[in-house]
2 protein chains.
Amino acid sequence: MLTGTNLLWLGDFNQSLVLNEIRSKESISRVELAERTGLTAQTVSNIVRRLLDAGLVLEAGRRSSRGGKRATMLRLNAESCYAVGLHIDPARTTLVVTDLRGRVVTRVSRRTPAARGPGRVIGALVRAVHQIVERSGVPADRVLGIGVATPGPIDPGGGLVVEPPNLPGWHSVPLRESLESGTGLPVVLDNDATAATIGERWAGGEARSADMAFLYFGTGIGGGLVLGGRPYRGISKNAGEFGHITVVVGGRECRCGNRGCLETYLSPHAIIDDAARRRGEEPPRLPRGSAATVEYYGRVCRAAAAGEEDALAVIEAAADHLGHAVVTLTNILDVPMVVLGGWGISGIGDLYRRAVTEAAATQPIARAMRKTRVELSITGDDAAAVGAASMVLHTTYAPRFGGPAG
Amino acid sequence: MLTGTNLLWLGDFNQSLVLNEIRSKESISRVELAERTGLTAQTVSNIVRRLLDAGLVLEAGRRSSRGGKRATMLRLNAESCYAVGLHIDPARTTLVVTDLRGRVVTRVSRRTPAARGPGRVIGALVRAVHQIVERSGVPADRVLGIGVATPGPIDPGGGLVVEPPNLPGWHSVPLRESLESGTGLPVVLDNDATAATIGERWAGGEARSADMAFLYFGTGIGGGLVLGGRPYRGISKNAGEFGHITVVVGGRECRCGNRGCLETYLSPHAIIDDAARRRGEEPPRLPRGSAATVEYYGRVCRAAAAGEEDALAVIEAAADHLGHAVVTLTNILDVPMVVLGGWGISGIGDLYRRAVTEAAATQPIARAMRKTRVELSITGDDAAAVGAASMVLHTTYAPRFGGPAG
DNA sequence: CATGATTACTAAAGAATGTGGATAAAGACA
DNA sequence: TGTCTTTATCCACATTCTTTAGTAATCATG
């Protein structure tokens, strides 16, 4: 249900809008802001003054003349505030500190000590957050909050990790509350694929479309959608389960109970099994999300990237399935951009990108009306952690419509 | 790019919001409106006064007491304005007049005289519009405009029918301009599937979710999306091409150039061919979108509905494919409601609905988190025509955000 | 039947916002 | 030096929503 709006909201909205425009450019003048936002010069002037007072924006010299008075350029003060991003994956936990632009200032990655149970892990996380903030040299009062990305279904409202399939023993852990009381900072929580999507949009600026689908390759395959400029999560926060697009009817059995899901052909486990079988070996029974899995999968990807025949054949077969899934996706959603990211594509990203680009250019029904650009994530392997930090910035500074935005 | 907002817009927005709430209920009090919209009682009071003055809303008695002063109930004045809907299908042209609620006042259907070429058809359409308005008994000055739904890709901005695959000879016809100058009424134009979606949302009120997918069964299979309460058309207005979801990799060849599209198993043509083959007959080579096709297809559907074994088997096989497509759809979009509509499901709607309900309850990954409701269109066989009329009402009275809403 | 509590609605003043027109400042150009 | 263009700000004004206070209708209760 949409909710009504008021004046305060209107002011905030326009302010966020202006900030967003400044963020998307290296530098921009007031007049250009007025043109791009549709606001009057006077209004922009007032809003910019507020932003300057708040320290979020800086004046940055003057542009070379275009005939009259030279414009005062404005640029984002990326050092005005920061956010902590935390990605808890079954194998590794990654922490980052990013500035307001979404650029990584400091990064730490360590093995996830899940076996010790949630209680002790949370204690360790609180210490890790304090440590990385200290190490980054960022003034503590400029840290806006902590974003947390975890795999699997969560309850973003209550801040619980509901039943992460890859974190045994973590049933309904009140992660948000614990971290908030432990660090004194506000915490936002979402699943890793959604976080990575928001991060891509935030850090990507103009290079990332207002409508895009992000495919996140982790232990499984998830994803997220940005539609009309804002994240779309779906009614139960489960939109973007691209890993369960059916690519082969009656195909491989999936842990979701269905058959032929994309994930059963592209997850690290599937790739590992395919690679082993192709060499006539018995598929190794590695535990889901273990360090050994990551290791083995990395070897296959590197081999494929190096051109080793068997590995390449396996990855190319996977890429073919991925292409079909993206075609279905663009037929349904008509997005102009598909971004591939997550640690699961490191090494093979370009192989995937080429295959998907080819499929998207030749198969969707509307291929004549729009080109679908296929890009690799600019946030790299740490997409989820950077995205988690971006969620904090996004909730604080993104222009939002009234009502419970999806 | 989002655009800035101003005060006039804010007022209009809140007014639309209130009108929308009134529309969605049979009757509602000012206090309830305040609760539901988040506006203050005073603001609601002011907005309601404007709506009463404009004649869009009526006071309708008082509610039985809840302890204090009895509330003055408000209800939509459905007779305050009307819209004309026009659906130009290859086989038939349907005209409707609907009231502000989206209810059909008058309806006319006739054979589409496409063979005579666009020029003469448009002249006939102008006359038909005048006729139906007169016949409906609606005061001419209360008709807000004309909505036109046509199959295939169009350019809603320029008002052209670009290259409708089923209307030979109609290349870039300036339909909007011609109709506007011929009738003196504003014209909005969109494809039939999108129109049907908007109509379903408008006429459905509370019974239709703010997030839903509408599958439109006509000559082909199209559809539309409502996400976050507003229609989502995609970047090139081609979202919702559900007919081209791949359901069988390497399957039947589709006119889109791809293989195994849903449409190749569920379109009237596909069903006709399947039914003929099953009876050992040669598939009849009927022209696409011809009256003979509609006739033959109707026979198969009626036979299936009557329980005739061969026809039933064909429809059940089709329903199975449909189920798979909807599972993919819900995995991607996490919508709580899927609506089936269009003349293509008349007779077999319940068969399809049962199959899809079953699939949606057992196969999507998030099936435990949300139930997907599967419903049949409330606008019936005339979904596209009613939807076309609703587009007029929607563009006039739906709350809209600033900027180019998708 | 008077009193007070509850619910529904409205009037008037106040605060926040964007708009439009005028003004000021800085530089380009003849 | 003077005029024009571009950029940015100042001030009066209109519009919106909110706050505060007040009116109106109904019910419960003694």
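Note that the structure is a prediction, hence the values are computed from the model and not measured. Below, all heavy atoms of this structure are taken into account, side chains as well, without hydrogens, waters or symmetry copies.
Side-chain N/O atoms of A/Thr43 include none lying less than 4.0 angstrom from OP1 or OP2 on C/dT17. For D/dC17, neither phosphate oxygen OP1 nor OP2 lies less than 4.0 angstrom from any side-chain nitrogen or oxygen of B/Asn46. For D/dT7, the OP1/OP2 oxygens have no side-chain nitrogen or oxygen of A/Arg30 closer than 4.0 Å. The shortest distance between the side-chain N/O atoms of A/Thr72 and the OP1/OP2 oxygens of D/dA8 is below 4.0 Å.
Atom pair A/Glu59:CD and D/dT7:P shows a separation of 15 Å (rounding to whole Å applied). Atom P of nucleotide C/dT19 and atom CG of A/Leu39 are separated by 6 Å, given to the nearest angstrom. Rounding to whole angstrom units, CD1 of residue A/Ile47 and P of C/dA16 are separated by 16 Å. Here the P atom of nucleotide C/dT17 and the CG atom of B/Asn14 are 16 Å apart, to the nearest Å. For A/Glu35 and D/dA8, the CD to P distance is 11 Å, given to the nearest whole Å. Atom CG of B/Leu33 is separated from atom P of C/dA8 by 12 Å (rounded to the nearest Å). Distance B/Leu74 CG to C/dA8 P: 13 Å, rounded to the nearest Å. B/Met73 has its CE atom 9 Å from the P atom of C/dC9, to the nearest Å.
Shown here are the side-chain hydrogen bond (donor to acceptor under 3.5 Å, both in side chains) partners of B/Arg101, two or more places apart in sequence or in another chain: there are none. Looking at residues two or more places apart in sequence or on another chain, you find no salt bridge (charged side-chain N to carboxylate O under 4.0 Å, His left out) involving A/Glu26. In terms of the side-chain hydrogen bond (donor to acceptor under 3.5 Å, both in side chains) criterion, residue partners of A/Gln42 (sequence neighbours excluded) are, by chain and number, A/Asn46. Residues passing the side-chain hydrogen bond (donor to acceptor under 3.5 Å, both in side chains) test with A/Ser390, sequence neighbours excluded: none. B/Glu180 is linked by a salt bridge (charged side-chain N to carboxylate O under 4.0 Å, His left out) to nothing, counting only residues two or more places apart in sequence or in another chain. For A/Thr43, the side-chain hydrogen bond (donor to acceptor under 3.5 Å, both in side chains) criterion is met by A/Thr40, not counting sequence neighbours.
The salt bridge (charged side-chain N to carboxylate O under 4.0 Å, His left out) contacts involving residues 202-214 of chain B comprise B/Lys25-B/Glu206, B/Arg36-B/Glu206, B/Glu200-B/Arg208, where partners must be two or more places apart or lie in separate chains.
At a cut-off of 3.5 angstrom, the base of C/dA11 holds at least one donor-acceptor pair with the side chain of B/Gln42.
For the side-chain contact (heavy atoms from CB on, under 4.5 Å) with B/Tyr397, the lone residue among B/Asp12, B/Asn20, B/Leu56 that qualifies is B/Leu56. A side-chain contact (heavy atoms from CB on, under 4.5 Å) with A/Leu33 is found for one member of A/Leu19, A/Leu74, A/Leu39 and no other, namely A/Leu74.
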Output one line per pair: protein atom, nucleotide atom from nucleotides 23-26 of chain C, and distance, for all N/O pairs under 3.5 Å.
unit_1, atom_1, unit_2, atom_2, d
C/dA26, N3, A/Lys69, N, 3.4

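Distances from the side chain of A/Ser45 to the nucleotides C/dT19, D/dT9, D/dA8 place D/dT9 closest.
Within a heavy-atom distance below 4.0 Å of DNA chain C, no residue of residues 49-57 of chain A is found.
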